[in-house]
Amino acid sequence: MTQALIPELTIVIPTFNEKANIRPMVALLDDALQDVAWDVVFVDDDSPDGTAAEVRALGREDGRVRVLHRIGRRGLAGACIEGILSSVAPVCAVIDADLQHDETKLPEMLARLRDNPDLDIVIGSRNVEDGSAGTGLTSVRKWGSDQATTLAQRMLRITASDPMSGFFMVRRTSFNQVVLELQSAGFKILADMLSAARGRWNVSEIGYTFRERQHGESKMDAAVTLEFLGLLLARITGGVLSIRFILFGMVGVSGIFVQLIMVKLMLMLGFGFSVAQTLGVFSAMTTNFLANNLLTYRDRSLKGPEFLRGLLSFYAVCAIGALANVGVATITYTAIPAWAFASAVGAIVGALWNFVASSRVTWKSR
Ligand code: GDD
Ligand code: MN
């Protein structure tokens, strides 16, 4: 009896507001995996629609179903990583909850891993023979997805045809080789894994047709695209810079433009330079706060009363950062009298301070 409960395959399903898809999804898995000992873990980020409760209800009817309920956190890649880590099975598959991926390919994916002990991963691909993006994506998203694929292939030296796929099956021992390098921020865990494997993995691909979503809506948005660019840069720096730091940097650069535009505007309106500069700095700090709250820290985005507290603490953090910037630049200039160098050193120290301090104070994790 107990033997039957030990899974050979764990299906990891990240969810955010997918309540209506839970039961249909498990029913499809049940059909597809008749001869396999499997279990499924839904990794839910405390969805407001009650997805986690729905999974628990189903789990009381079917012992193969469980939930990993994460509170105060968001993120697709991190959810997949934790789901895989929560499993005892030697093989894990990741598949979306929304029925867009083709679960009937799972037995074939498992068979390939069983037959070839050297194989590390099987990827469900839309870009091989028998595969297709179907009508599951709008033409704009299809174009964006193609661009991202080409970028990832070139910049990360990935040869797989669909590194953007959210549908794959990986051997645990292989996953363990790369897990320490993976970034939990972001959407594209497969591209990150393949990049971390540095071409050493044996990869097999299986075509599938991307289906249309039936219930709920996609979580892909502009922030996901920027996160992906962050992932590429993080990977290029060999993981020295995190996705979060890169996003923080992008926001910082946008702040420079806000400040310049604001100062110009105020001067045009007849304000004196000091007033214009002060307003410019405050505008930049404010838009930086808003952008970081929406993008860099959207997994712990501040709302309601927290929002105001966060804004004020961000002003305070930036004020100290500015003092550190000037202080360090002055000391540097005394030692090495090259203004551009000294000024840049000051800016880097100020930016690092702002990043570290705001992540500890303004957007402290729970
Ligand atoms: N836990 C958790 N946390 N799950 C999430 C989050 C999150 O922050 N964001 C999205 N999900 C879950 C969704 O509930 C869904 O089950 C799955 O991740 C994919 O999200 P979608 O919003 O449906 O993404 P998509 O359809 O636009 O894109 C998917 O398919 C593409 C093609 O394979 C993703 O899997 C892409 O990575 C993939 O490229
Ligand atoms: Mn989807």
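Numbering of residues begins at 1 and proceeds along the displayed sequence.
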(request) Indicate if Val43 and Leu76 have the same hydrophobic cluster label, given that clusters are the connected sets of ILVMFWY residues with side-chain heavy-atom separations under 4.5 angstrom. (result) no

(message) Suppose clustering is done on Ile, Leu, Val, Met, Phe, Trp and Tyr with side-chain heavy atoms closer than 4.5 Å. Which residues sit in the same group as Val140?
(response) none

(request) Quick one: which residue pairs count as a side-chain hydrogen bond (donor to acceptor under 3.5 Å, both in side chains) with a foot in residues 252-272, not counting sequence neighbours? (result) none

(message) Under a 4.0 Å threshold between the charged nitrogen and the carboxylate oxygen, would Glu61 count as salt-bridged to Arg56?
(response) no

(request) Would you check if Phe42 and Val26 make a side-chain contact, meaning some heavy-atom pair closer than 4.5 Å? (result) yes

(message) My understanding is that only residues two or more places apart in sequence, or in another chain, count here; which of them pass side-chain hydrogen bond (donor to acceptor under 3.5 Å, both in side chains) with Glu227?
(response) Arg298

(request) Using salt bridge (charged side-chain N to carboxylate O under 4.0 Å, His left out) as the criterion, list what pairs up with Arg64, not counting sequence neighbours. (result) Asp30, Asp62

(message) Applying salt bridge (charged side-chain N to carboxylate O under 4.0 Å, His left out), can you list everything that pairs with Glu205, at least two apart in sequence or on another chain?
(response) none

(message) Using every non-hydrogen atom in the two residues, find where Thr10 and Ser87 come nearest and quote the distance to one decimal.
(response) OG1-OG, 2.9 Å

(request) Could you grab the distance from atom CZ of Arg171 to atom CG of Asn176, nearest 0.5 Å is fine? (result) 12.5 Å

(message) So for atom CZ, which belongs to Arg360, do other residues, nucleotides or ligands contribute more than 12 heavy atoms lying within a distance under 6.0 Å?
(response) no

(message) Side chains of Trp201 and Met193, heavy atoms from C-beta outward: is any pair under 4.5 Å?
(response) yes

(message) Nearest 0.5 angstrom please: Asp120 CG to Asn202 CG, how far?
(response) 5.5 Å

(message) So does Ser145 get a backbone contact from the side chain of Thr149, meaning a donor-acceptor N/O pair under 3.5 Å?
(response) yes

(message) Apply side chain to side chain contact (heavy atoms under 4.5 Å, CB included) to residues Ser86 and Arg66 and explain how you reach the verdict.
(response) CA-CA 11 Å; Ser86 80; Arg66 63 199 166 86; 3.4 Å; yes

(message) Any non-hydrogen side-chain atom of Met220 less than 4.5 Å from a side-chain atom of Thr225?
(response) yes

(message) Looking only at the aromatic ring of each residue, does the gap between the centers of Phe248 and Trp363 stay below 6.0 angstrom?
(response) no

(request) Kindly compute the distance separating CG (Leu33) from CD (Glu8), expressed to the nearest 0.5 Å. (result) 10.0 Å

(message) Please check this pair: side chain of Ser125 against backbone of Asn127, looking for a donor-acceptor N/O pair closer than 3.5 Å.
(response) yes

(request) Sequence neighbours left out, what passes side-chain contact (heavy atoms from CB on, under 4.5 Å) with Arg73? Give chain and number order. (result) Arg70, Glu82

(request) May I ask you to test the Asn21-Leu99 pair for a side-chain heavy-atom distance under 4.5 Å? (result) yes

(request) Could you check if a side-chain atom of Leu151 sits within less than 4.5 angstrom of a side-chain atom of Leu232, using non-hydrogen atoms only? (result) yes

(message) Please give me the minimum heavy-atom distance between Pro14 and Ala79, naming the atom from each residue.
(response) CB-CB, 4.2 Å

(message) Rounded to the nearest 0.5 Å, what separates atom CD1 in Ile81 from atom SG in Cys92?
(response) 12.5 Å

(message) Please check this pair: side chain of Lys219 against backbone of Phe16, looking for a donor-acceptor N/O pair closer than 3.5 Å.
(response) yes

(message) Assigning hydrophobic clusters by single linkage (Ile, Leu, Val, Met, Phe, Trp, Tyr; side-chain heavy-atom cutoff under 4.5 Å), is Phe282 placed with Phe271?
(response) no

Distance-only donor-acceptor pairs under 3.5 Å for side chains of residues 302-318, two or more places apart:
from   : atom 1 : to     : atom 2 : distance (Å)
Ser313 : OG     : Gly310 : O      : 2.9
Ser313 : OG     : Thr362 : OG1    : 3.0
Tyr315 : OH     : Thr286 : OG1    : 2.8

(request) In sequence, state the C-alpha distance, the side-chain angles, and the governing distance for His215 and Asp98, and then conclude on side-chain hydrogen bond (donor to acceptor under 3.5 Å, both in side chains). (result) CA-CA 7 Å; His215 306 279; Asp98 55 10; over 6 Å; no

(message) Among residues at least two apart in sequence or on other chains, which ones pass ring pair (Phe, Tyr, Trp, His ring centres under 6.0 Å) with Phe245?
(response) Phe355

(request) Output, in order, the C-alpha distance, side-chain angles, deciding distance and verdict of side-chain hydrogen bond (donor to acceptor under 3.5 Å, both in side chains) for Arg126 and Ser161. (result) CA-CA 8 Å; Arg126 294 163 290 183; Ser161 68; over 6 Å; no

(message) ring-ring contact (aromatic ring centres under 6.0 Å, His included) for Tyr208 and Phe167? Distances and angles first, verdict last.
(response) CA-CA 10 Å; Tyr208 80 96; Phe167 181 33; 5.2 Å; yes

(message) If I take atom CG from residue Asp45 and atom OG1 from residue Thr51, how far apart are they, to the nearest 0.5 angstrom?
(response) 10.0 Å

(request) Could you state whether Leu295 and Met250 fall into the same hydrophobic cluster, counting links through intermediate Ile, Leu, Val, Met, Phe, Trp or Tyr residues with side-chain heavy atoms under 4.5 angstrom apart? (result) yes

(message) Quiz question: by atom type and distance under 3.5 Å, do the side chains of Arg112 and Ser204 form a donor-acceptor pair?
(response) yes

(request) Keeping the roles fixed (side chain from Thr334, backbone from Thr330), state whether a donor-acceptor pair exists under 3.5 Å. (result) yes

(request) Run through the side-chain heavy atoms of Ile, Leu, Val, Met, Phe, Trp and Tyr, join any pair under 4.5 Å, and report what else lands in Val345's cluster. (result) Val328, Ile336, Phe341, Val349

(request) Could you check if a side-chain atom of Leu29 sits within less than 4.5 angstrom of a side-chain atom of Trp38, using non-hydrogen atoms only? (result) yes

(request) Could you state whether Leu294 and Met285 fall into the same hydrophobic cluster, counting links through intermediate Ile, Leu, Val, Met, Phe, Trp or Tyr residues with side-chain heavy atoms under 4.5 angstrom apart? (result) no

(request) Under the salt bridge (charged side-chain N to carboxylate O under 4.0 Å, His left out) rule, collect the residues that match up with Asp102, sequence neighbours excluded. (result) Arg211

(message) Within the 4.5 Å heavy-atom criterion, are Ile22 and Val65 side-chain neighbours or not?
(response) no

(request) Count the heavy atoms of every other residue, nucleotide or ligand shown that sit under 6.0 Å from CZ of Arg200, and state whether that count exceeds 12. (result) yes

(message) Would you compute the distance between atom CD1 of Ile95 and atom OG of Ser165 and round it to the nearest 0.5 angstrom?
(response) 9.5 Å

(request) Report yes or no: do Phe210 and Met164 belong to one cluster of Ile/Leu/Val/Met/Phe/Trp/Tyr joined by side chain heavy-atom distances under 4.5 Å? (result) no

(message) Strictly by side-chain hydrogen bond (donor to acceptor under 3.5 Å, both in side chains), give each pair with a member in residues 230-245 just once, sequence neighbours left out.
(response) Glu181-Arg235, Asp192-Arg235, Ser195-Arg235, Arg244-Asp299

(request) Could you tell me whether a side-chain N or O of Ser47 sits under 3.5 Å from a main-chain N or O of Asn17, the two making a donor and an acceptor? (result) yes

(message) Among residues at least two apart in sequence or on other chains, which ones pass salt bridge (charged side-chain N to carboxylate O under 4.0 Å, His left out) with Lys142?
(response) Asp146

(request) Could you tell me whether the side chains of Asn325 and Trp353 share a donor-acceptor contact shorter than 3.5 Å? (result) no

(message) Salt bridge check, Arg213 against Glu217: does any charged N sit closer than 4.0 Å to a carboxylate O?
(response) no

